[in-house]
Undergrad: 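Structure below; questions to follow.
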There are 4 protein chains.
Amino acid sequence: MTGAMTLQSVPDHSEERRRQILRAAMTCFARRGFHPTTMNDISVEAQISVGLIYRYFDSKDAVITFMASEHLDDLRHVLEQARRAPTLFEALELVSIRHCEEQPEHLHLAFVADLFAEAARNEQVRVLVRDVTQFFIDSVTDLIAASEEAKTVPPGMVPRTAAEIIVDSTRGMMIRAIADSSTLTASQIRERQLAMLRTLWPLLFSRSAPAARVEQVQP
Amino acid sequence: MTGAMTLQSVPDHSEERRRQILRAAMTCFARRGFHPTTMNDISVEAQISVGLIYRYFDSKDAVITFMASEHLDDLRHVLEQARRAPTLFEALELVSIRHCEEQPEHLHLAFVADLFAEAARNEQVRVLVRDVTQFFIDSVTDLIAASEEAKTVPPGMVPRTAAEIIVDSTRGMMIRAIADSSTLTASQIRERQLAMLRTLWPLLFSRSAPAARVEQVQP
Amino acid sequence: MTGAMTLQSVPDHSEERRRQILRAAMTCFARRGFHPTTMNDISVEAQISVGLIYRYFDSKDAVITFMASEHLDDLRHVLEQARRAPTLFEALELVSIRHCEEQPEHLHLAFVADLFAEAARNEQVRVLVRDVTQFFIDSVTDLIAASEEAKTVPPGMVPRTAAEIIVDSTRGMMIRAIADSSTLTASQIRERQLAMLRTLWPLLFSRSAPAARVEQVQP
Amino acid sequence: MTGAMTLQSVPDHSEERRRQILRAAMTCFARRGFHPTTMNDISVEAQISVGLIYRYFDSKDAVITFMASEHLDDLRHVLEQARRAPTLFEALELVSIRHCEEQPEHLHLAFVADLFAEAARNEQVRVLVRDVTQFFIDSVTDLIAASEEAKTVPPGMVPRTAAEIIVDSTRGMMIRAIADSSTLTASQIRERQLAMLRTLWPLLFSRSAPAARVEQVQP
DNA sequence: AATGAATGAGGCTTCATTCAT
DNA sequence: CATGAATGAAGCCTCATTCAT
């Protein structure tokens, strides 16, 4: 039995270390951003030596890239949950709130903002961000298409368009949240996010009538 | 007289140099981001010596901060124009398209993304971004409030809320554009931006009448 | 009995390990040289852990120094054989070819070159190289002095001088072999070495008679 | 006139710096070898900052490679002189003695040994060493072929073979000199080098007769 | 005896900034 | 005003060595 434990705990420990490093890196990245964060910062935060980080990651860039791919995994997880939500609204609530929600300790808004900035210059990260975004929109599109509400959308509004509006405005608001982060608390920001969703909701889904009007606007 | 000329031409020339440096910096920042851009990169781009940059700016950070404030000025200028647009739609078009429009050569998306990322850690930049955002929303709110369309919004939709939706989704879409920048051209991105505005438009404003007006907006 | 076995097998096993490490180190050194070879490289090559190397050697430098002294032992061994060779030519052939002969896989030219370079700065290694060289020349001198051929050398040619010429040109050619190692195969290099010896031979020894002897040497 | 001086001294100064760095590097390399020498060592020796070295050389490896190519240039220069020597003996004397002669301050034997060791692992250096060697042998071959002495060589001895023997034994002796450098002075080493040449000389060139003998040795 | 995770000093290199010309 | 050579702190990464297991 001890043998079994050992067999299990050896890779376990290794994985634990990896996570410890990633957690420390996230803390640092959230605090100062990718580029200004030094490998030493991370090692201090993780309470290990610099050299040890290189046993688990090839380079600083590898840490960033790995962290970005973790972000994609997180998102997948959230959307998995969303798919199981009883109503579309609850599903979207989960998605738009959880998307950039806080880590145990702090919002990783800063991390996500850095990720986007990094995407502008790092091909690998750009592809990741594109995948995340694509997956995000696709999933929300599916959620909408499968829902009751999709049956009563305004004319011209297709699930994908609605999904894009939701995803984009969520992200735009997130950016806004960064600027407001020293004035607003995390829960206030979350509340605001929610409020926007509640406002968009009836515009996107409920309704039946104003077809004529819209027709003219969209040539 | 030489003295007078000098007195007059120096600040003139000085301001020109300043702009030359800023233009070069923007090109570099758009290309590689703040942190990876070196002072040397800028000096080469501006075709001057490194030392000269320090005659006009205290430090690299000062260049970044100054550039951020320029961004605010640009925005003010755009909103000034928007205010003079004949219709709300045209005004919003100006605002949401021009917001992240291209430099002579390329979109400065990367610069804006970096600005947001920087906002997460640099108090000075954060305040600037907050101001930009605030000013942006306020202006759009004013535009809406002053327009004909505001009279026919859906129930519960106030000008400020509509403004927030427009601003946020514009920004969210801009982020999306970064990830897609290697796949899409600048004009395709601009077109997409425009399409979203056209979709949001009837949702936000039309509820009953002003069809005629809108007709004219869409030639 | 177990005790006896342990007492007997431990040093045995220990010596085996030592050799295993040295063999691995030689392979690495031959491949990349002293300095670029890491302790990890050696441990991987020897299929043991890094830590274990330190049970057998105090430091990386100790491995190098020990290996250098092994080189001296090898040489002693070769010269021992040479002394038992039937003719001087065969003896010299052994000496000048075997000197830098191949490991199972490849010439350890690189190792020897590193050894010489190291000699220029490491007193311990320098002394070793001096001893090797001295021993080498002395042995060849003895071989010559004891041979038939020594009786018919050109005027002014003493055994030691002939030995020096042989040793030096052998080494010089070895250096040349390094530069040619990507163009020539190990056996081509060996053949070249041999050809030089055949050329030097009549210059150094023949002056009058022992044709018959020589005939036999070259089958 | 001052202008002319300035125009001349600007590139001059740059070249001077380059040489200053190379001189310092050579001192360090001769003292401790390539790998153990740090960029900091070189900067201290050259009495400049580390960063400045990178203004003149791309990397540490570039310094080494450049230095190696300088070695080739030196050799060319020596052979140029040799070609103008009144007799073959004097020419060879120049070549075999000067080849590894001292810098203003010290023998760069250690540098050359390191060069050979480096050749075993660095393609670029290997090619350089090959070129140096080739050029060396070719030049000596030409010297011999053009000389009076070439008319009276022992049968079977062609200029190229004689050149190879001279070059190889010179190099082998140089290696030997490293091991003896703490026991012998530079001039003693030079004298020994010269003595060997004097011994080889009559073997290689003078002569007429012993054709029959040699014939049998070389099947 | 054996492992290999962990350490941390130290190497190479970059780059913001200064300053003599 | 303008240059760009020069500086040196600081970052990333490697690797000899140690030590708990």
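Heavy-atom basis, side chains included; hydrogens, waters and symmetry copies ignored. Every chain is numbered from 1 and lettered A, B, ... according to where its sequence line falls, protein lines coming before strand lines. Bear in mind that the values here come from a model prediction, so they are computed numbers and not experimental data.
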Undergrad: Step by step, work out the side chain to side chain contact (heavy atoms under 4.5 Å, CB included) result for C:Ser69 and C:Leu128.
TA: CA-CA 7 Å; C:Ser69 75; C:Leu128 254 157; 3.9 Å; yes
Undergrad: Tell me every residue that passes salt bridge (charged side-chain N to carboxylate O under 4.0 Å, His left out) with B:Arg126, counting only those two or more places apart in sequence or in another chain.
TA: B:Glu123
Undergrad: Does A:Asp114 reach the main-chain N or O of A:Phe34 with its side chain, forming a donor-acceptor pair under 3.5 Å?
TA: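 Side chain of A:Asp114 to backbone of A:Phe34: a pair is present.
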Undergrad: Between atom CD1 of D:Ile42 and atom CD1 of D:Ile48, what is the distance when rounded to the nearest 0.5 Å?
TA: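 CD1 of D:Ile48 is found 9.0 Å from CD1 of D:Ile42.
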Undergrad: Select from D:Tyr56 and C:Asn40 the residue whose nearest nucleotide in DNA chain F is closer to the 5' end of that strand.
TA: D:Tyr56
Undergrad: Applying side-chain hydrogen bond (donor to acceptor under 3.5 Å, both in side chains), which residue pairs with at least one partner in residues 44-67 of chain B are found, sequence neighbours left out?
TA: B:Arg31-B:Glu45
Undergrad: Round to the nearest Å and state the distance from C:Gln20 atom CD to E:dA1 atom C1'.
TA: 13 Å
Undergrad: Quick one: C:Tyr54 OH to E:dG4 P, roughly how many Å, whole number?
TA: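 Distance, rounded to whole Å: 16 Å.
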Undergrad: Would you call A:Leu115 and A:Val129 a side-chain contact if the rule is heavy atoms closer than 4.5 Å?
TA: yes
Undergrad: What's the CD-P distance between C:Glu15 and E:dA1, to the nearest Å?
TA: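 My rounded result for the distance is 14 Å.
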Undergrad: Just the rounded figure in Å: distance from P of F:dC12 to CD1 of A:Ile21.
TA: 15 Å
Undergrad: Go through the structure and list residues passing salt bridge (charged side-chain N to carboxylate O under 4.0 Å, His left out) with C:Arg32, not counting sequence neighbours.
TA: C:Asp41
Undergrad: Between A:Phe116 and B:Phe116, does the ring centroid distance fall short of 6.0 Å?
TA: no
Undergrad: Rounded to the nearest 0.5 Å, what separates atom CG in B:Leu22 from atom CE in B:Met67?
TA: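 The distance works out to 4.0 Å.
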Undergrad: Contact list please: residues 58-65 of chain C against DNA chain F, heavy atoms, distance less than 4.0 Å, in numerical order.
TA: C:Ser59, C:Lys60
Undergrad: Which residue lies toward the 5' end of DNA chain E, D:Met39 or B:Pro36, if each is placed at its nearest nucleotide?
TA: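 The residue whose closest nucleotide sits nearer the 5' end is D:Met39.
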Undergrad: Tell me yes or no: between the side chains of A:Gln20 and A:Arg23, is some donor less than 3.5 Å from an acceptor?
TA: no
Undergrad: Whether C:Arg17 contacts E:dA1 is assessed here as follows: a side-chain N or O lying under 4.0 Å from the phosphate OP1 or OP2. Is that the case?
TA: no
Undergrad: Does C:Glu70 form a salt bridge (charged side-chain N to carboxylate O under 4.0 Å, His left out) with C:Arg19? I'd like the steps, not just the answer.
TA: CA-CA 10 Å; C:Glu70 287 263 295; C:Arg19 304 229 56 82; 2.5 Å; yes
Undergrad: Base, sugar-phosphate or nothing for A:Thr37? Non-hydrogen atoms, less than 4.0 Å.
TA: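 Sugar-phosphate contact only.
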Undergrad: Do any of residues 45-53 of chain A sit with a heavy atom less than 4.0 Å from DNA chain E, and if so which?
TA: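 Result for residues 45-53 of chain A: A:Ile48, A:Ser49, A:Gly51, A:Leu52, sorted by number.
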Undergrad: For B:Arg55 and F:dG4, give me the distance from atom CZ to atom P, rounded to whole Å.
TA: 15 Å
Undergrad: For C:Phe34 and F:dA16, what is the distance between atoms CZ and C1' respectively, to the nearest whole Å?
TA: 17 Å
Undergrad: May I ask you to check if C:Arg121 and D:Phe29 form a cation-pi contact, with NZ or CZ under 6.0 angstrom from the six-membered ring centre and within 45° of the axis?
TA: no
Undergrad: Give each stem of DNA chain E as a range with a range, requiring at least 3 consecutive Watson-Crick or G-U wobble pairs whose two distances are under 3.5 Å.
TA: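 Correct response: E:2-21 with F:2-21.
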Undergrad: C:Asp41 CG to E:dG4 C1': how many Å, rounded?
TA: 16 Å
Undergrad: Starting from P on F:dT14, measure out to CZ on C:Arg32 and report it in whole angstrom.
TA: 12 Å
